[in-house]
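I have placed the structure first, in the form of structure tokens, so that the comments after it can refer back to it.
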Amino acid sequence: MKIIVDASLDVFADISNYLLLMNFDPIKLELYKNILTSVAEEMGVTLQRTAFSPNIKERLDFSCAVFDSHGGMVAQAAHIPVHLGSMPLSVLAAIENTQMARGDVVVLNDPFRGGTHLPDITLVTPVFSDNSNSEPDFYVANRAHHADVGGMTPGSMPLATSVIQEGIRIPPVKLLQNGKTNDDVLSLILANVRTPIERQGDIEAQLAANRIGERRLQEITQKYSIKEINSYMQELCAYASRMVRAFLRKIPDGKYGFSDYMDNDGITDTPIKICVSIEIKGDTAIVDFTGTSEQVRGSVNAIYAITVSAVFYTFRCIAGEDVPSNAGCLEPIQIIAPKGTVINANFPAAVAGGNVETSQRIVDVLFGALAKACPDQVPAASSGSMSNITVGGYDNERDRDFTYYETIAGGMGARPICDGIHAIHTHMTNTMNTPIEAIETSYPMQVEQYAIRRGTGGVGKFNGGDGIVRSLRLLTDAEVTILSERRVFSPYGLQGGENGQSGENALIRDGKEQPISAKATMAIQEGDIIEIRTPGGGGYGESETS
């Protein structure tokens, strides 16, 4: 077994002396890291296999994690970055707003009380190691994106001007109490969505996932003592903090700034500025978003949890793959996110697109700033958009309402040592695609084209990855909403590399193509084709042929 020790503490010239001075066993630390991670991973497998919607069982648009008795994240599966970095605030909201007992499960999605955007429903379960405990020893939680939670358009990703328009808003409340379903809460949720059978099936899958997590943690406590487990949970967080600090010490002290723009908010055409200054001081960092645009009327506002999630993801990426993903990663980092801005919006801001689009631009500016500090470790900008599409209406063939939601991949930015990858989800999204077979089996749609959008990656010493073309023919009348970015401001190249090509959206009716703006809602007729062409990634380094 490879034993990872904190060799960055160079005060210990002799590693053997360092091992003697540690108050934990490094072998056990590695074992606990993998044991706890495996709990979250098994929760994810359970959720995938038992879910109803293609969005969860095919695209894997969900995340699972394990938390200590105080709500600190100690382990996560390799699921969705935008979920995982923000989920701790959901767990804390559940702890602060409810008194959880054995057999309880708390449900929430309110962006202003621990959530992100309304389609992301989170379930939090307290875990008790034995019957004598009055307080939970751990918590497990999962978050899944539901293909509809009500609101003004099918799919619940509307061009709204208030969160009230985006769907049902669920504060932290008990979905299960003493092991029994709170039928009033569940009925209230299902009465406010367009596809209640699918929603109930997905919620029950989330409950099953948490039960697996609860069971596995109880089995672990039977094998090892609670005292030891809690001790190593804290050591794992401390270890992650030390590793991030060791990385920060390698960066020259100074301030590194960067800014970029979002295309618009879907209500006006005004660009939206996202800017950051990262100040490195020894083994700490101050990440300051002062100067970012005020919150906007449209639905691209992000709440604080999204910004925290983007910072967590970015520093976790560049610090190295051996860093455990837990609360310790953020311990050396101070985040300044001014209230009332598009990266820390106040109620009742519309936020559906903040989770999916603004999160990507936050990452872009963070990497842009860090490219000035450590240029040999940061890639050029990736596609920078999840290119969200929702479709909803009545499926005559199946005699039911339907809602389809998907994020469409793009090109990865070129890296300092190699080309970017074509047609892949990057940064804050980590989902799969919905297979053509699943789309045509589940929805009144036909996939006309699904291909790499050749030549859209930026040219450089290393080329950016190419985007995607996804063409969907509607077999019934429907309502379509598109939330996309990088249709005006293209993904940046680095070190002389060219920008990636921006994306395009189009409606094809009777063989004639009509452009669709980056953010739009429209009524679609049977036979119409919606075509999404996603951006390519930026290039890295000057091309040798230029």
Side-chain angles (χ1 to χ4, degrees), residues 36 38-52 56 62-71 73-75 77 87-88 90-110 113-115 120-144 146 149 168 170-193 196-223 226 229-230:
L36 294 170
S38 72
V39 173
E41 288 173 345
E42 188 176 356
M43 290 170 62
V45 171
T46 302
L47 180 48
Q48 176 192 1
R49 289 182 173 178
T50 55
F52 273 38
I56 296 176
F62 61 81
S63 298
C64 304
V66 177
F67 301 80
D68 64 20
S69 59
H70 304 292
M73 186 172 69
V74 295
M87 212 189 306
S90 293
V91 176
L92 290 176
I95 294 172
E96 292 170 357
N97 289 276
T98 64
Q99 186 65 40
M100 282 183 275
R102 191 173 285 99
D104 292 351
V105 177
V106 171
V107 60
L108 70 145
N109 75 344
D110 187 346
R113 280 185 279 187
D120 285 344
I121 295 180
T122 303
L123 267 58
V124 181
T125 299
V127 180
F128 296 81
S129 60
D130 58 53
N131 293 329
S132 62
N133 291 1
S134 59
E135 297 293 330
D137 296 299
F138 319 105
Y139 296 89
V140 292
N142 71 72
R143 172 172 288 164
H146 286 250
V149 289
I168 183 170
I170 310 166
V173 293
K174 291 184 181 181
L175 180 63
L176 262 64
Q177 191 161 10
N178 196 27
K180 295 182 180 180
T181 301
N182 187 333
D183 291 327
D184 290 342
V185 170
L186 182 60
S187 296
L188 181 62
I189 295 170
L190 299 180
N192 283 276
V193 303
I197 295 175
E198 186 176 88
R199 297 287 66 73
Q200 182 170 0
D202 285 345
I203 289 172
E204 289 176 353
Q206 289 184 262
L207 288 168
N210 276 12
R211 279 195 291 270
I212 285 292
E214 178 183 24
R215 188 181 308 163
R216 293 294 176 260
L217 285 172
Q218 289 171 340
E219 291 169 356
I220 292 167
T221 59
Q222 292 172 6
K223 187 173 183 180
I226 283 289
I229 295 170
N230 284 331

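Residues: numbered from 1 along the sequence shown. In this text, all values refer to a predicted model and were calculated from it rather than measured experimentally.
Distance alone, capped at 3.5 Å, is enough to place a donor-acceptor pair between the Q206 side chain and the I121 backbone. For the pair K174 (side chain) and V185 (backbone), a donor-acceptor distance under 3.5 Å is absent. At distances below 3.5 Å, not a single donor-acceptor pair connects side-chain atoms of S187 with backbone N or O atoms of D184. Checking side-chain atoms of E42 against main-chain N and O of G213 turns up no donor-acceptor pair under 3.5 Å.
Taking every heavy atom of both residues into account, I189 and V193 meet most closely at O-CG1, 3.5 Å. Nearest heavy atoms, V124 versus P126: O-CD, 4.1 Å. Closest non-hydrogen pair, A141 versus F67, comes out as CB-CE1, 3.7 Å. The heavy-atom pair separating A93 from G114 by the smallest distance is CB-CA, 4.1 Å. When all heavy atoms of A77 and A40 are compared, the closest pair comes out as N-CB, 3.5 Å. Nearest approach of D104 to Q99, heavy atoms of both residues: OD2-O, 3.8 Å.
Every residue meeting the side chain to side chain donor-acceptor pair (under 3.5 Å) condition with E204, not counting sequence neighbours, appears here in chain and number order: Q200. Contacts of D137 classified as side chain to side chain donor-acceptor pair (under 3.5 Å), with partners at least two apart in sequence or in another chain: S129, N133. R113 meets the side chain to side chain donor-acceptor pair (under 3.5 Å) test with D110; sequence neighbours excluded.
To the nearest 0.5 Å, atoms CG (N109) and NE2 (H146) are separated by 9.0 Å. Note that CZ of R216 is 7.5 Å distant from OG1 of T46, once rounded to the nearest 0.5 Å. The CE atom of M100 sits 10.0 Å away from the CD atom of E135 when rounded to the nearest 0.5 Å. In this structure, CE in M43 is found 14.0 Å from CD in Q48, a value given to the nearest 0.5 Å. Remark: L108 CG to S90 OG distance equals 4.5 Å, nearest 0.5 Å. Atoms CG and CZ, on L47 and R143 in that order, are 13.0 Å from each other to the nearest 0.5 Å.
Looking at heavy atoms from C-beta onward, L175 lies out of side-chain contact with N182 at the 4.5 angstrom threshold. Contact check for L217 versus L36: side-chain heavy atoms found under the 4.5 Å cut-off. Contact check for T181 versus L176: side-chain heavy atoms found under the 4.5 Å cut-off.
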Decide yes or no on side chain to side chain contact (heavy atoms under 4.5 Å, CB included) for Y139 and I95, but give the supporting numbers first.
CA-CA 10 Å; Y139 296 89; I95 294 172; 3.6 Å; yes

Stepwise side chain to side chain donor-acceptor pair (under 3.5 Å) check, N230 with D68:
CA-CA 7 Å; N230 284 331; D68 64 20; over 6 Å; no

Show your reasoning for whether side chain to side chain contact (heavy atoms under 4.5 Å, CB included) applies to V107 and L123.
CA-CA 5 Å; V107 60; L123 267 58; 3.7 Å; yes

Hey, mind stepping through I226 and F138 against side chain to side chain contact (heavy atoms under 4.5 Å, CB included) and telling me if it holds?
CA-CA 10 Å; I226 283 289; F138 319 105; 3.8 Å; yes

Evaluate N97 against V106 for side chain to side chain contact (heavy atoms under 4.5 Å, CB included), listing each step before the verdict.
CA-CA 10 Å; N97 289 276; V106 171; over 6 Å; no

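Counted within 6.0 Å of CG on L188, heavy atoms from surrounding residues, nucleotides or ligands total more than 12; the atom is thus considered enclosed.
Looking at E214 and R211, no side-chain N of the basic residue comes within less than 4.0 Å of a carboxylate O on the acidic one, giving no salt bridge.
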